Amino acid sequence: MRWSSALIPTLKEVPAEAEIASHKLMIKAGLIRKVASGLYNFLPLGFKIYYKIENIIREEMDKAGALEILMPIMTPAELWHETGRWNLYGKELMRLKDRADREFALGPTHEEVVTDLARTEIKSYRDMPKNFYQIRNKFRDEIRPRFGVMRSREFVMKDAYSFDRNEPCAEESYKKMFEAYIKIFSRCGLNFRAVEADSGNIGGSFSHEFMALAASGEDTLINCPACGYAADREKAEGASPFCGNEKEVLKPLEKVSTPGQHTVEQVTGFLNKKASELVKTLLYMADGKPVAALVKGDDELHEIKLHRFLGVTELVMMTAQQVEEFSKAPVGFAGPVGLTGMKIFADNAVSKLRNFVTGANEKDMHYANANFDRDFKINKFLDLRVPKEGDLCVKCGSALVSLKGIVVGHTYKLGTKYSKSMKAEFLDEDGKRKLMVMGCYGIGLARVIAAAIEQGNDASGIIWPMAISPYQVIITALNYKDEKIKLFADSIYEEFKAKGVEVIIDDRDMSAGFKFKDAELIGIPVRITVGNKTVNEGLFEIKLRKTGEEFAVKREELFSKVKEIVQRELVK
RNA sequence: CGGGGCGUAGCGUAGGUGGCUAGCGCGCCUGCUUUGGGAGCAGGAGGUCCCCAGUUCAAAUCUGGGCGCCCCGACCA
């Protein structure tokens with residue numbers, strides 16, 4: 001590619017809308033432009049990266065035996081009614097009508113469509129295993145699109161769906177995808193972790209998230225550096241190292257005035273206590289019945305754990321009205337003392353506390369020196385808290401660390417959730433009709449790009465991993481109007497192109513500094529400078545973007561040297 | 001959806017207590033000179049000051065309504 005005929009609109013100043021590094025740099029380097037909130041144009045350079053990631057994914061998916069298909073983005077409401085998700089999926093599901101008033105949804109994911117395909121085309125156990133995948137647009141009317149392409153409304157996703165005759169085969173398919181994912185993200189040059197995750201509203205029995213580590217990530221993962229245990233914070237297990245003050249003598253219960261102090265910070269600040277000396281009371285409605293959960297002031301309630309323990313279908317926090325109704329006090333003053341009409345569950349760490357602060361179920365009042373058994377009864381102590389950095393690993397006992405990550409891929413073992421509701425059956429070897437066992441596997445392409453930039457950037461711009469860089473080599477021809485320089489630059493450009501190196505030549509009539517800055521901004525791994533030194537001494541300067549390493553080589557050695565660098569940097 | 005902020009040329013912004021032709025930097029166009037780290041000089045183009053209504057002799061500026069965008073939160077008491 002000749003830069004002069006490309007469209008790479010680099011910017012000196014970034015539009016005020018961008019916050020995080022990847023978003024800013026994608027705009028600055030001329031990769032994307034915004035069309036509307038959560039909707040982006042990918043410009044030629046940005047799309048080239050897309051394409052490269054797409055090809056890596058395609059290669060690894062095909063190698064793993066998956067079959068590429070193409071499904072429509074507009075999907076009929078009937079299919080969504082079959083699984084009940086027409087109602088269960090919230091406003092994220094973009095609904096629309098055609099001219100005949102028939103209802104459709106823009107596909108946010110394609111379980112329904114692909115299951116419909118499978119149930120009509122797969123009839124025998126001989127037809128399985130099958131894994132269908134596609135790489136194309138999804139639409140989710142996100143509650144709040146943000147961070148550029150990291151959370152956009154329309155985005156390209158690789159989604160794959162496996163169909164198997166039974167559980168063991170389905171697990172085999174899952175394992176294949178898991179391994180393919182590790183290859184894909186490794187080849188893309190990402191620093192990532194595969195973590196245990198919650199399956200959310202896609203459903204299913206177990207699931208892994210592939211998180212690219214980045215400080216700006218929207219998700220938190222808990223990782224054990226000793227044994228490698230890694231899980232999404234929403235799902236993670238961890239033992240609290242909290243010792244408590246079990247030995248303290250019980251002091252008399254005392255009602256204290258805390259006017260206008262609602263939050264843990266306010267109350268503990270006002271009473272000059274530590275957050276760990278307070279017990280907070282979270283009020284929920286579990287399938288319509290009230291329930292209270294107690295956790296230490298500096299801990300967070302793990303809703304999924306409570307949900308799982310209660311075994312109910314719906315667990316929602318009480319509304320402000322419900323809080324008033326059941327606790328007889330405005331939000332912020334609920335407490336277990338005198339709380340009636342509901343069961344009270346407490347986190348294990350609470351059992352180690354004496355003389356703690358808690359709400360008094362009365363406006364502007366709290367209790368000090370509250371103690372369970374004496375002042376109120378707890379139905380059961382159990383693990384109810386979200387693990388934190390410093391907790392002990394439940395597998396090996398070492399201290400856990402907490403890391404931020406960007407979810408670039410997610411795999412789910414779905415089981416028969418969709419095949420059951422959509423009657424996706426086949427005839428097995430024993431002559432019986434059985435449900436297909438499914439799995440589904442997604443990758444967000446734009447997130448891979450954003451994550452790569454979050455992990456690879458400096459003050460000058462992007463630093464691409466070789467495998468997804470839009471070009472492997474940039475030839476910076478200084479003063480291209482000079483006939484001699486032009487001759488040298490064009491000759492190596494043509495040679496590289498002919499020999500299969502992905503190369504762009506900066507042939508614009510720009511000052512040297514300008515071209516150097518642009519080359520660094522768009523992050524091409526290898527830069528070759530053609531200037532006076534080339535004309536006078538026959539030397540071509542190579543500079544590596546990642547390390548800043550610089551050296552000059554003669555014409556005869558140039559190609560083999562560059563080829564060697566490119567090969568070395570491509571992770572296989 | 002709740003809270004906060006912003007909306008002036010392609011981008012970044014000044015002006016805001018009403019008053020001359022809406023200013024500056026970057027970018028863009030023309031010419032000349034330059035060409036190893038975002039070149040210099042000269043000339044030039046480009047604006048429904050987000051939209052609508054109101055107040056006024058007069059609105060980018062004041063008032064009301066709307067729209068768009070960004071950030072935080074979305075029942076974690």
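Note that the structure is predicted; figures quoted are calculated from it, not measured.
- Between the CD atom of A/Glu142 and the P atom of B/C70 there is a distance of 13 Å, given to the nearest Å.
- In this structure, the CE atom of A/Met150 is 15 Å from the P atom of B/C70, given to the nearest Å.
- Between A/Asp490 and A/Arg2 there is a salt bridge, with a side-chain nitrogen of the basic residue lying less than 4.0 Å from a carboxylate oxygen of the acidic one.
- Applying the side chain to side chain contact (heavy atoms under 4.5 Å, CB included) test to A/Phe270 and every residue at least two apart in sequence or in another chain returns A/Thr258, A/Pro259, A/Gln261.
- Nucleotides B/G18 and B/G64, compared at atom P, are 16 Å apart to the nearest Å.
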Distances under 3.5 Å only, N/O to N/O: pair up the protein atoms with those of nucleotides 32-34 of chain B.
none

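- A/Phe372 and A/Phe356 have parallel rings, their planes meeting at less than 30° on a 0 to 90° scale where 60° marks the start of perpendicular.
- Taking the nucleotide of RNA chain B with the nearest heavy atom to each of A/Ala18 and A/Lys28, the more 5' of the two is matched to A/Lys28.
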Determine, for nucleotides 42-49 of chain B in 5'-to-3' order, which nucleotides have protein heavy atoms under 4.0 Å from the base (write B), from only the sugar-phosphate (write S), or from neither (write -).
--------
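- Between A/Ser511 and B/G37, a side-chain N or O to OP1/OP2 separation shorter than 4.0 Å is absent.
- Checked for salt-bridge contact, A/Glu502 and A/Lys48 miss the test: no charged N lies under 4.0 Å from a carboxylate O.
- Following rounding to the nearest Å, A/Leu11 (CG) and B/G10 (P) show an atom-to-atom distance of 13 Å.
- Distance noted for atom C1' between B/U34 and B/A39: 7 Å (whole Å).
- One N or O on the side chain of A/Glu389 and one on the backbone of A/Ser402 form a donor-acceptor pair closer than 3.5 Å.
- For the pair A/Arg385 and A/Asp298, the salt-bridge criterion is not met [side-chain N within less than 4.0 Å of a carboxylate O].
- With sequence neighbours excluded, the residues that form a side chain to side chain contact (heavy atoms under 4.5 Å, CB included) with A/Lys481 are A/Asn479, A/Asp509.
- Side chain A/Glu13 to base B/G27: no donor-acceptor pair is found below 3.5 Å.
- Within residues 516-550 of chain A, the residues having any heavy atom closer than 4.0 Å to RNA chain B are, in order of number, A/Phe516, A/Lys517, A/Asp518, A/Glu520, A/Arg527, A/Thr529, A/Gly531, A/Asn532, A/Lys533, A/Glu541, A/Lys543.
- Taking 4.0 angstrom as the limit, A/Lys12 places a side-chain polar atom (N or O) nearer than this to OP1 or OP2 of B/G27.
- Taking the charged nitrogens against the carboxylate oxygens, A/Asp299 and A/Lys388 do have a contact shorter than 4.0 Å, which makes a salt bridge.
- Judged by distance alone, with hydrogens and angles left aside, the side-chain atoms of A/Arg555 form no donor-acceptor pair with the main-chain N or O of A/Phe488 at under 3.5 Å.
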Nucleic acid footprint by protein, nucleotides 71-77 of chain B - heavy-atom cut-off 4.0 Å, B for base, S for sugar-phosphate alone
BB-BBBB
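- The salt bridge (Lys or Arg N to Asp or Glu O under 4.0 Å) pairs that include a residue from residues 362-378 of chain A are A/Lys255-A/Glu362, where partners are two or more places apart or lie in different chains.
- Here the separation of B/G3 from B/G54, taken at their P atoms, is 29 Å to the nearest Å.
- To the nearest whole angstrom, the two C1' atoms, one in B/G19 and one in B/C62, are 14 Å apart.
- Residue pairs meeting the salt bridge (Lys or Arg N to Asp or Glu O under 4.0 Å) criterion with at least one partner in residues 522-537 of chain A, sequence neighbours excluded, are A/Glu520-A/Arg527, A/Lys533-A/Glu541.
- Listed by chain and residue number, A/Ile542, A/Glu549, A/Val553, A/Lys561, A/Ile565 satisfy the side chain to side chain contact (heavy atoms under 4.5 Å, CB included) test with A/Phe551 (two or more places apart in sequence, or in another chain).
- To the nearest angstrom, P of B/G7 lies 15 Å from NZ of A/Lys34.
- Between the CZ atom of A/Phe514 and the C1' atom of B/C26 there is a distance of 10 Å, given to the nearest Å.
- Here salt bridge (Lys or Arg N to Asp or Glu O under 4.0 Å) pairs that include residues 7-34 of chain A, with residues two or more places apart or in two chains, are A/Glu17-A/Lys34.
- Between the C1' atoms of B/U8 and B/G23, the separation comes to 11 Å (whole Å).
- Nucleotides B/C29 and B/C69 have their P atoms positioned 31 Å apart, rounded to a whole Å.
- As rounded to the nearest Å, B/C32 and B/G36 have C1' atoms that lie 23 Å from one another.
- For the P atom pair drawn from B/G15 and B/C6, the interatomic distance equals 13 Å after rounding to whole Å.
- Of the possible donor and acceptor atoms, none in the side chain of A/Glu92 sits under 3.5 Å from a partner among the backbone N and O of A/Arg140.
- With rounding to whole Å, A/Asp482 atom CG is found 11 Å from B/G36 atom P.
- A/Arg153 places its CZ atom 12 Å from the C1' atom of B/C69, with the value rounded to the nearest Å.
- Taking the side chain as every heavy atom from C-beta outward, A/Ile406 and A/Met150 approach each other to under 4.5 Å.
- Sorted by first then second residue, the salt bridge (Lys or Arg N to Asp or Glu O under 4.0 Å) pairs that include residues 344-354 of chain A, not counting sequence neighbours, number zero.
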Watson-Crick or G-U pairs under 3.5 Å in RNA chain B, rendered as dot-bracket with [ ] for crossing pairs and | for another strand:
((((((((.[[[[.)...(...]]]].((((((.....)))))).....[[[[[..)....]]]]])))))))....
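- Rounded to a whole Å, the CD1 atom of A/Ile32 is 15 Å from the C1' atom of B/C11.
- A/Glu154 contributes no side-chain N or O that, together with a main-chain N or O of A/Leu39, makes up a donor-acceptor pair within less than 3.5 Å.
- With hydrogens and angles disregarded, a donor-acceptor distance shorter than 3.5 Å links the side chain of A/Asp482 to the backbone of A/Lys484.
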